[in-house]
Amino acid sequence: MNAHPWFFRTSLFATLLTLCVVVLGAWVRLTDAGLGCPDWPGCYGHLDVPNTPEAIAAANAAFPDTPVDVGKGWREMVHRYAAGLLGLLIAGLGIAAWKLRKRAGQPWKLPLFLVALVIFQSTLGMWTVTWQLKPAVVTAHLLGGLATLSLLWWVTLRSNYFGGAGKLVKQRGLGVLLSLGIIAAIGQITLGGWVSTNYAALACNEFPTCSLGEYWPERADFSEGFVLWRGLGVNYEFGILDHPARMAIHLVHRVGAIVVTIVFALLLWRLWRTNSAGRSIGIVLGGVLGTQIALGIANVLYNLPLSIAVAHNAGAALLMMALVTAVHLVQPIRRT
């Protein structure tokens with residue numbers, strides 16, 4: 001027996017909305033609109049962005065250090081509206097899952113966990129603003145969004161309307177490689193978030209070399225680049241690190257890409273040796289990973305174009321969804 005049809009449809013819609021929220025968050029961050037509204041949850045004390053001369057003057061008087069930029073404010077508020085709607089959907093899923101928990105095939109523990117996760121995510125969203133784009137908080141907020149997306153997609157898949165559970169023939173070492181693939185992807189996404197929040201994407205402006213024809217510049221400052229906590233009261237918009245520290249962050253992200261490529265090469269080889277389901281998901285994983293690598297290189301060569309940078313963030317989200325799908329294909333659904 002499957003989950004309730006309403007629950008399945010809602011979880012699928014929530015998954016797609018989460019993907020949109022993740023991409024919107026990247027768009028906000030990459031257009032420097034993270035502090036477009038200096039307060040939370042409103043914007044200059046309003047539910048929308050001040051847009052009349054009188055409202056803008058009052059907002060500027062109330063927040064003299066952050067004058068109103070209507071465009072940045074609206075980008076931030078659109079992201080907040082979408083995240084708010086998502087929070088309501090996840091709350092509804094949690095309530096429905098609890099009420100339907102005795103129905104065979106109905107997931108309920110994970111939907112309840114997602115309610116707690118989205119509450120924590122909203123707290124991180126508040127800290128992102130009130131702590132002025134602190135890199136550790138913004139990176140954690142990114143990871144929380146991808147965790148929400150991955151878990152919602154898992155709940156949707158396990159609702160069993162898509163089927164496919166257990167169709168991927170297990171082979172020795174496949175589970176280990178899948179686990180390593182997930183760990184490597186999360187690690188690389190974390191590094192990517194650290195690159196973005198420290199404004200280090202163009203610290204290396206050449207490829208395959210880093211800068212001035214050097215592959216590994218000696219001036220890169222790794223000890224300074226990976227200080228996770230620097231206290232409060234600092235505005236991190238546009239970054240506070242010097243160039244050698246940003247270069248170190250960028251270099252580690254490139255090393256991470258090599259590690260991910262090696263792990264995924266082994267995983268794809270193992271998937272190809274299973275069956276048609278394994279080969280299909282392997283093609284998807286390989287395609288997404290190859291696209292991600294190409295987008296990362298293009299970001300450097302073309303000076304971080306907004307469309308490519310946002311697509312790179314979306315690719316990370318799709319990669320996690322593909323990995324979750326692979327795990328779903330390996331694991332049969334237990335009937336209770």
Side-chain angles (χ1 to χ4, degrees), residues 13-92 118-142 144-146 148-149 193 196-199 201-202 232-240 299 303-314 317:
F13 178 72
T15 300
L16 297 175
L17 180 57
T18 306
L19 180 60
C20 292
V21 170
V22 168
V23 174
L24 277 172
W27 178 56
V28 168
R29 185 172 67 255
L30 290 163
T31 56
D32 302 316
L35 294 180
C37 297
D39 52 342
W40 190 93
C43 191
Y44 293 93
H46 300 273
L47 292 177
D48 59 358
V49 181
N51 55 15
T52 65
E54 297 79 8
I56 292 173
N60 288 337
F63 297 88
D65 295 331
T66 52
V68 174
D69 184 316
V70 175
K72 289 184 178 181
W74 272 117
R75 289 196 290 277
E76 172 63 8
M77 287 308 293
V78 167
H79 180 235
R80 292 186 191 181
Y81 294 151
L85 175 59
L86 176 62
L88 292 175
L89 281 174
I90 290 176
V118 80
I119 292 172
F120 182 58
Q121 267 292 90
S122 66
T123 303
L124 288 174
M126 176 184 68
W127 288 343
T128 293
V129 175
T130 58
W131 290 357
Q132 298 179 296
L133 305 182
K134 191 171 184 61
V137 174
V138 180
T139 301
H141 194 43
L142 167 66
L146 290 175
T148 303
L149 173 67
S196 179
T197 56
N198 283 283
Y199 300 86
L202 295 177
L232 302 177
V234 179
N235 189 332
Y236 293 90
E237 189 171 26
F238 307 116
I240 64 170
N299 276 326
N303 201 34
L304 200 67
L306 178 61
S307 58
I308 294 177
V310 172
H312 196 47
N313 283 261

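The shown structure was predicted, so the numbers you read here are calculated from the model rather than taken from an experiment.
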Students often mix this up, so state it plainly: with edges at 30° and 60°, are the rings of Y199 and F238 parallel, tilted or perpendicular? tilted

Can you list the steps and then say if V21 with T148 is a side chain to side chain contact (heavy atoms under 4.5 Å, CB included)? CA-CA 11 Å; V21 170; T148 303; over 6 Å; no

Heavy atoms from other residues, nucleotides or ligands near OH of Y81 exceed 12 (cutoff 6.0 Å): yes

Quick check: do W27 and R75 have side-chain heavy atoms less than 4.5 Å from each other? yes

Can you check whether I308 reaches L304 side chain to side chain, under 4.5 Å on heavy atoms? no

To the nearest 0.5 Å, atom NE2 of H141 lies from atom OG1 of T123 at 10.0 Å

Side chains of T31 and K72: closer than 4.5 Å at any heavy-atom pair? no

Side chain to side chain contact (heavy atoms under 4.5 Å, CB included) between W74 and D48, intermediate numbers included: CA-CA 8 Å; W74 272 117; D48 59 358; 3.7 Å; yes

Between the side chain of S122 and the main-chain N/O of I119, is any donor-acceptor distance below 3.5 Å? yes

If you define the side chain from C-beta out and look only at heavy atoms, does anything of E76 sit under 4.5 Å from C43? no

Take atom CG in L47; do more than 12 heavy atoms of anything else shown fall under 6.0 Å from it? no

T66 vs L35 side-chain heavy atoms within contact, under 4.5 Å: no

Contact between K134 and V234 at the side-chain level, heavy atoms closer than 4.5 Å - yes or no? no

Can you tell me how far the CG atom of N60 sits from the CG atom of D65, to the nearest 0.5 Å? 11.0 Å

Does the side chain of L124 reach to within under 4.5 Å of the side chain of V137, using non-hydrogen atoms? yes

Listed once per pair and sorted, the disulfide (SG to SG under 2.5 Å) pairs that draw on residues 58-88, sequence neighbours left out: none

How about P38 and T130: do any of their side-chain heavy atoms sit closer than 4.5 Å? no

Backbone N or O of T197 within a donor-acceptor pair of the R29 side chain at under 3.5 Å? no

I'd like to know if the side chain of N313 and the backbone of V23 have a donor-acceptor N/O pair within less than 3.5 Å. no

